[in-house]
Amino acid sequence: GTLGCASVTVGSPIVPLGSAVTASCTVQRELCRGLEQGKVRIRWMLDNKLVAGSQRQGPGGTEVSNLTLPRFNHTQARLWCCVEWNGTKQRVGMAEIRAGYPPAKPLNLSCVLNLSDYGLTCQWEQGTDSHLPTSVVLKCTGSRAQEVTGCTPREGHSHCTVPRRLLQLYRQMEIWVSATNALGTAESEHLCIDPMDVAKLDPPTLQSIQSIPFQTDCITLAWDLAWGTEHMELQCELRYRAPEDSAWALVTGISGRAGTAQRCGFLFGTQYHFQMRCRRNSASALAHWSEWSPCRSYTTHEKAPTGK
Amino acid sequence: GTLGCASVTVGSPIVPLGSAVTASCTVQRELCRGLEQGKVRIRWMLDNKLVAGSQRQGPGGTEVSNLTLPRFNHTQARLWCCVEWNGTKQRVGMAEIRAGYPPAKPLNLSCVLNLSDYGLTCQWEQGTDSHLPTSVVLKCTGSRAQEVTGCTPREGHSHCTVPRRLLQLYRQMEIWVSATNALGTAESEHLCIDPMDVAKLDPPTLQSIQSIPFQTDCITLAWDLAWGTEHMELQCELRYRAPEDSAWALVTGISGRAGTAQRCGFLFGTQYHFQMRCRRNSASALAHWSEWSPCRSYTTHEKAPTGK
Amino acid sequence: TELSGDQDFQLFLQRNLEFTRKIRGDVAALQRVVCDTLQLCKEDELLLVRQHLDIAQAPLEQCHKRTFQAETCFSQIRAGLHIYQGSLATIQALLPGHAGLVETLQLDMANLSSNIQQQMEDLDLATVTYPTENQDPLPTFSSHFHHQVGGFFILANFQRFLETAYRALRHLASL
């Protein structure tokens with residue numbers, strides 16, 4: 001097709017919301033078959049609303065109309081350049097304008113390593129909508145800034161999973177979120193973590209609870225660690241309480257691999273509920289506790305009649 | 001690895017259930033380190049049951065044992081060739097045998113065209129299990145035997161959907177199911193249908209029911225046809241009854257696109273329930289009725305006091 | 001013509017009258033999308049710009065004449081469907097969010113064309129076989145705006161083409 005009889009130019013097709021928009025429409029009479037005679041009256045429409053421009057003669061017999069919209073507060077609109085022709089309004093040029101904000105800084109980035117497939121799932125808060133097409137990507141790199149890998153969240157989601165093959169295990173990785181649109185880029189805080197530090201463990205399973213040594217107020221518990229954690233140094237916590245107790249008693253610093261623990265000071269003939277949880281014995285404050293194990297109850301034996 | 005010291009051959013690895021199976025095991029003494037001295041006694045095991053074979057000397061110092069199982073009635077079994085060695089039974093050769101039937105003829109093939117995505121879903125009855133790996137495929141072709149397309153049911157299912165892009169609409173297509181296994185192939189009846197003839201319509205929606213013309217025992221109903229059927233010639237049926245009526249009154253041959261219908265002979269001051277259904281006005285006997293529309297009730301007005 | 005009594009021919013006509021109505025519905029849906037998303041709705045507001053665009057327009061005069069020949073009319077319908085099949089790629093590029101609607105339209109057009117071809121062959125009429133993949137070069141537009149207006153006119157012309165084809169089929173069915 002030939003060059004059109006009108007062309008519309010705008011300062012920028014993407015502007016900050018509320019800022020000014022300038023546009024100009026140039027009509028080349030000799031290129032507009034049918035417009036040769038008579039006065040060319042240029043008119044503007046913002047979507048379907050008439051807006052006033054200022055028309056003047058341009059170079060080489062062209063007619064030029066300039067338009068300024070002081071505060072453009074549509075996130076998306078079409079600016080139409082029109083001319084009168086045979087009593088009809090003819091649309092002869094158009095420009096699409098989008099307005100919004102630079103991307104908000106992604107906040108509260110946190111990650112969890114799923115031990116079943118060793119995928120690292122990270123989530124974050126996207127912040128206020130920028131109203132503009134924004135590409136959001138989770139980036140991660142081994143600490144010596146080798147190649148940057150990561151993952152891309154699905155449209156409208158603010159979480160994604162870095163597959164095992166893109167991860168460096170047992171070593172610090174730098175992980176952050178980067179959001180980019182036409183008005184700028186924003187990055188979240190950078191997390192420096194060893195993916196293993198954020199491994200999400202399944203809880204241990206309390207196998208047996210017995211009054212051992214016999215005739216004492218002591219109890220011995222035995223547990224199995226979650227599948228897939230056999231090679232890990234785990235620190236665990238035990239909590240127990242009798243139904244009428246208001247708070248749990250907490251026993252910390254239990255070595256996971258020990259497999260058993262003994263605790264004394266229990267009342268006789270009383271039912272107690274026990275739960276246990278573990279996490280990797282790593283320095284990182286980010287290490288996630290597993291959920292508490294399913295509750296196991298145990299009733300201590302009656303006190304033996306003394307002085308028999 | 002070196003060629004084994006024994007090799008087992010069978011007449012056919014897949015046989016009709018209950019038929020005879022022949023096998024032979026050839027032991028080449030010099031290839032069996034440790035079997036050089038003494039007599040080679042070949043014995044057979046069917047899975048873990050001893051079975052007797054007949055042993056003879058074969059060419060080039062080999063020992064050959066032949067086995068015939070007159071009626072092989074396992075659907076799947078392993079035939080082991082064993083030799084005595086240092087007082088132990090050594091498994092030196094094996095053959096897997098499967099038995100079953102040629103595929104049964106797929107029956108009761110029927111298809112429905114889903115108007116939301118224009119996928120043609122066909123289902124059939126697979127018939128008795130052949131016990132053998134059987135590949136089942138739905139095949140369809142435009143009547144001038146162009147390219148055969150179709151779909152493959154998921155494992156263990158006897159239905160699948162031919163996507164729109166593989167269909168010819170508004171024209172006869174030939175559709176059949178083909179089942180193939182090692183013992184043969186079976187085909188269902190061939191359906192010759194225009195996919196549109198088996199379109200499954202959503203029911204119409206009864207929009208309004210009024211006593212028009214006024215002061216008569218007549219009622220005028222208006223309805224909307226289902227989305228996506230605007231271009232179709234539909235024939236519809238209306239049924240109505242008063243709660244105490246035992247049977248529905250049925251009005252047939254209503255043109256769907258008419259959008260309204262009038263019916264007289266209603267009792268005054270009586271509540272009636274109305275339902276409507278439609279199908280494509282095509283010659284094919286296969287055309288499916290839509291479900292009945294949701295029920296709408298309407299109470300006719302009281303009879304006007306006459307002779308006022 | 002001697003076809004009118006032929007039972008198969010009548011079935012072909014009934015089926016493909018409905019098919020043409022469906023395709024016209026598909027095109028109307030795309031026209032609504034162009035109006036809603038591109039704000040291009042009224043043809044008489046775009047006449048000036050149209051003069052600068054070379055938009056495919058398939059001839060259908062063989063189906064206009066009162067005493068038209070089924071063979072020549074059918075051939076022109078098929079040729080037109082082939083031309084518009086190619087132009088739809090322009091629409092696909094304009095409306096990435098509605099690729100499904102465009103693909104449905106292209107599948108329906110291909111089926112209608114092969115339905116007509118098979119019917120012509122059944123009537124021992126000469127037919128042309130078009131390559132499935134369309135080799136015609138895509139029209140180029142000097143601006144994004146012209147591309148959008150081009151898309152608008154392709155759909156408008158195609159809708160008129162379908163109305164004429166529909167009237168021709170209905171005329172044959174009424175004989």
So, taking the atom named CG in Leu40(C) and the one named CH2 in Trp80(A), what distance separates them when rounded to the nearest 0.5 Å?
4.0 Å
What I'd like to find out is whether the side chain of Gln148(C) reaches to under 4.5 Å of the side chain of Arg78(A), using heavy atoms alone.
yes
Is it the case that atom CZ in Arg41(A) sees more than 12 heavy atoms from other parts of the structure closer than 6.0 Å?
no
I'd like to know if the side chain of Glu45(C) and the backbone of Gln90(A) have a donor-acceptor N/O pair within less than 3.5 Å.
no
What's the shortest heavy-atom distance between His52(C) and Cys5(A), and which atoms?
NE2-CB, 3.7 Å
At a heavy-atom separation under 4.5 Å, does Leu38(C) approach chain A through its side chain, its backbone, both, or neither?
both
Max heavy-atom pairs within cutoff under 4.5 Å with chain C, candidates Arg91(A), Glu96(A), Met94(A), goes to Arg91(A)
In terms of side-chain heavy atoms, does Gln39(C) have a donor or acceptor partner in Asn48(A) at a distance below 3.5 Å?
no
What part of Val8(A) lies closer than 4.5 angstrom to a heavy atom of chain C: side chain, backbone, both or neither?
neither
Would you indicate whether the side-chain heavy atoms of Leu47(C) and Thr88(A) approach each other to under 4.5 Å?
no
Decide if atom CD of Glu189(A) counts as having more than 12 heavy atoms of other residues, nucleotides or ligands within a radius under 6.0 Å.
no
For Asn86(A), is it the side chain, the backbone, both or neither that has a heavy atom under 4.5 Å from a heavy atom of chain C?
neither
